[in-house]
Amino acid sequence: MMNEPVWFKERKAIDMRTNESKKTVWFMLAAMLLVMMFVSEPVEAKTSKRITAKSKTLSVGQEYKLKIKGLSKKEKKSKKKVSWKISDKSVVVFKEKTKYGVAIKARNYGTVKVTGTYKGKKYSCKIKVIGNDNDSEEKAEELDGSQIGSAKLNASEVDLYYMEDEDRQYITQPSGHTGSFQFKVSGVPKDEMIKWSIETGKKANCYHVSDDGKVSLVMDPSSLDEPGDATLIAKLENGTELKAKLHGYSERGISVKRVFEDFKKKYITSDMTQYEIMETIAKYVEHEYDYVLYQSDWRYMVISGGGDCYASRYFVKYLCEAQGIKALALLGEDYHGNTLVKADGRMYIVVTGINEPKPRRYMILKPSDENLQNIAKQSRIDLSYFD
């Protein structure tokens, strides 16, 4: 074999190295292409997240939508939501919430901060609420509440409980039940003159408010047709009125209701006739309660354990009505302790006013039609009540 020249051998070696390099490059390019095709995802340009507006002025009643902008497509597809908060919901309230935004409504005069939190970062908008140029007194009245602008009552709704001194030996008042509450107004000058008043639906008023805003329940609200519901009004020097709801409750009334509930659970069953229920009521009153002369309050009879014939007849009446049976207390000198009851379609007189030691006698009488008319006339009752 002929010996190859040196230059030829060197050239051949260079060509071999070049071919190897080309193979390596092509292999690397193919591998990168495969990775890009099957592994990589398109990269989105990063955008800065921001809230729709950093400050906004609204009129009372106006609505506005806030949302977080700049979310990537990937973030929008995720289950992560924006959580929203309002610093004072008496000024602005939520109307609707979406995944990234919220609709708010201006409710009262004032300034609040609405904050959206996404992945631990907070985005806030300062909302200032002002009045409309054509605000009328009627519109201003609709906006009344425990807060208007910076002026604010220390409570928007208060429950008060009335307890008679004579009831304390029979009723233990629960902790937290109080008969008075001290109202105060913040966000006004110290020397601001505030006029306090109470608005009720009836002429009878079971509340009293002092010149410094202390409200007291001074009368048993159970004696009113609308027990205890009223509105406290704090009128400022500029005519602004702050309002709070008042709810009055009678401790005696609460105890009576509990006695009625216990009676039903213990003595009344679903298979009893109305007559059997009526008779059970008569037995219960006469066996469990003493006759106490000149104690004519039936509610006090329930909690104290005794009453006279006047109290007994009303006790029977209300016990019957609590079981769905119509009854009326009979009045007049001839009807001591008598209650007219309609049971199973028939009229009866239940007598529970007998002055004897406990357990006393009770009677159930059947009046004739003629006697029934005389009873109705003398007691001044309308028999159509039983129809």
Side-chain angles (χ1 to χ4, degrees), residues 48-71 81-118 120-158 181-199 213 215 230-247:
S48 59
K49 297 179 182 64
R50 62 193 185 281
I51 196 167
T52 308
K54 291 187 177 181
S55 63
K56 186 72 177 177
T57 300
L58 302 176
S59 298
V60 171
Q62 186 178 354
E63 296 184 11
Y64 184 69
K65 290 185 178 180
L66 286 169
K67 68 177 181 178
I68 303 300
K69 293 184 173 183
L71 298 176
K81 296 181 179 180
V82 179
S83 62
W84 295 91
K85 287 186 178 180
I86 295 176
S87 61
D88 191 342
K89 291 184 179 180
S90 67
V91 177
V92 171
V93 294
F94 289 122
K95 291 292 291 182
E96 182 184 3
K97 290 183 181 181
T98 62
K99 191 174 181 180
Y100 313 111
V102 66
I104 59 174
K105 183 175 182 178
R107 183 181 180 185
N108 276 326
Y109 305 100
T111 302
V112 299
K113 183 185 287 186
V114 180
T115 304
T117 303
Y118 184 73
K121 188 173 181 180
K122 296 182 178 181
Y123 306 85
S124 299
C125 177
K126 184 180 179 181
I127 304 292
K128 183 178 180 180
V129 181
I130 61 175
N132 296 314
D133 294 337
N134 59 344
D135 271 347
S136 63
E137 291 184 5
E138 183 178 340
K139 287 186 177 180
E141 198 170 317
E142 292 176 358
L143 302 174
D144 286 340
S146 62
Q147 177 174 354
I148 297 179
S150 59
K152 184 179 181 179
L153 283 169
N154 58 333
S156 60
E157 198 161 357
V158 172
F181 183 82
Q182 179 66 62
F183 278 96
K184 295 180 180 179
V185 178
S186 60
V188 296
K190 290 184 178 180
D191 58 350
E192 177 85 14
M193 295 295 294
I194 301 172
K195 185 178 180 181
W196 301 91
S197 62
I198 293 176
E199 183 180 86
V215 175
T231 301
L232 171 87
I233 301 175
K235 190 171 183 178
L236 308 184
E237 291 179 356
N238 63 2
T240 299
E241 291 186 349
L242 304 177
K243 294 185 178 183
K245 295 179 181 179
L246 301 175
H247 303 292

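- Listed by chain and number, the residues in a ring pair (Phe, Tyr, Trp, His ring centres under 6.0 Å) with Phe183 are Phe181 (sequence neighbours excluded).
- Partners of Ser83 by side-chain contact (heavy atoms from CB on, under 4.5 Å), not counting sequence neighbours, listed by chain and number: Thr117.
- With sequence neighbours left out, the side-chain hydrogen bond (donor to acceptor under 3.5 Å, both in side chains) criterion links Thr111 to no other residue.
- Once rounded to the nearest 0.5 Å, the distance linking NZ of Lys245 with OG1 of Thr231 reads 8.0 Å.
- Between Glu192 and Leu236, some side-chain heavy-atom pair lies under the 4.5 Å cut-off.
- Taking OG1 of Thr57 as the start and NZ of Lys126 as the end, the distance is 9.0 Å to the nearest 0.5 Å.
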*After noting the C-alpha distance and the side-chain angles of Gln147 and Asp88, does the key distance pass the side-chain contact (heavy atoms from CB on, under 4.5 Å) rule?*
CA-CA 10 Å; Gln147 177 174 354; Asp88 191 342; 2.9 Å; yes
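- Legend: residues meeting side-chain contact (heavy atoms from CB on, under 4.5 Å) with Lys85, ordered by chain and number and at least two apart, are absent.
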Extract all donor-acceptor atom pairs below 3.5 Å that involve side chains of residues 150-158 and protein atoms in other chains or at least two apart in sequence.
{"from": "Ser150", "atom 1": "OG", "to": "Gly187", "atom 2": "O", "distance (Å)": "3.3"}
{"from": "Asn154", "atom 1": "OD1", "to": "Lys184", "atom 2": "N", "distance (Å)": "2.9"}
{"from": "Asn154", "atom 1": "ND2", "to": "Gln182", "atom 2": "O", "distance (Å)": "3.1"}
{"from": "Glu157", "atom 1": "OE2", "to": "His247", "atom 2": "NE2", "distance (Å)": "2.8"}

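- Under the side-chain contact (heavy atoms from CB on, under 4.5 Å) criterion, Lys95 pairs with Glu63, Ala103, Lys105, not counting sequence neighbours.
- The side-chain heavy atoms of Val82 and Tyr123, taken from C-beta on, include no pair separated by under 4.5 Å.
- With a 4.5 Å cut-off on side-chain heavy atoms, Ile130 and Ser59 count as touching.
- Between Ala53 and Tyr64, the shortest heavy-atom distance links the atoms CB-OH, 3.7 Å.
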*Kindly determine whether Trp84 and Thr115 satisfy side-chain contact (heavy atoms from CB on, under 4.5 Å), including the steps that lead there.*
CA-CA 6 Å; Trp84 295 91; Thr115 304; over 6 Å; no
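- Shortest non-hydrogen contact noted between Ile51 and Ser124 is CG2-O, 3.7 Å.
- For Ser197, there are no side-chain hydrogen bond (donor to acceptor under 3.5 Å, both in side chains) partners two or more places apart in sequence or in a different chain.
- For Asn238, the side-chain hydrogen bond (donor to acceptor under 3.5 Å, both in side chains) partners at least two apart in sequence or on another chain are Thr240.
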